[in-house]
Amino acid sequence: MSKQLEKSLETFAKSKHEGHEQFIKRFEKWGREFDQKIKEIEKMNGQFLKEIEGNLSYMDRWFGKKEKQMERLFRIFQ
């Protein structure tokens with residue numbers, strides 16, 4: 001009986017250890033994939049900022065113009 005119990009405990013311990021290792025491997029894989037996605041997002045953001053960089057002064061003028069128009073409207077309706 002004690003040999004059978006010992007063997008069962010060894011099997012249980014081995015199974016638990018293998019499950020732990022599987023979890024660690026999956027977690028490490030998730031971490032690598034997550035880091036890769038973050039790099040992709042950073043790259044996309046960089047490209048977006050390069051694309052709009054030339055248009056920033058145009059956008060500033062456009063918003064400034066709209067702001068003045070809104071100020072005039074508020075003064076008229078006050």
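Heavy atoms only: backbone and side chains are in, while hydrogens, waters and symmetry mates are out.
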Pairs under 3.5 angstrom only: tabulate donor-acceptor contacts from the side chains of residues 62-75 to other protein residues two or more places apart or in another chain.
from  : atom 1 : to    : atom 2 : distance (Å)
Lys66 : NZ     : Gln69 : OE1    : 3.4

Residues 30-39, side-chain donor-acceptor partners within the protein, below 3.5 Å, at least two apart:
none

| query | Considering residues at least two apart in sequence or located in another chain, which fulfil the side-chain contact (heavy atoms from CB on, under 4.5 Å) criterion with Arg61? | reply |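 Ser57, Tyr58.
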
| request: Say whether Ile41 and Leu49 are linked into one hydrophobic cluster, either directly or through other cluster members, by side-chain heavy-atom distances under 4.5 angstrom. | output: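 Ile41 does not cluster with Leu49.
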
| query | So among Arg26, His20, Glu21, Gln22, which one has a side chain to side chain contact (heavy atoms under 4.5 Å, CB included) with Ile24? | reply |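 With Ile24 as partner, Arg26, His20, Glu21, Gln22 yield a single side chain to side chain contact (heavy atoms under 4.5 Å, CB included), made by His20.
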
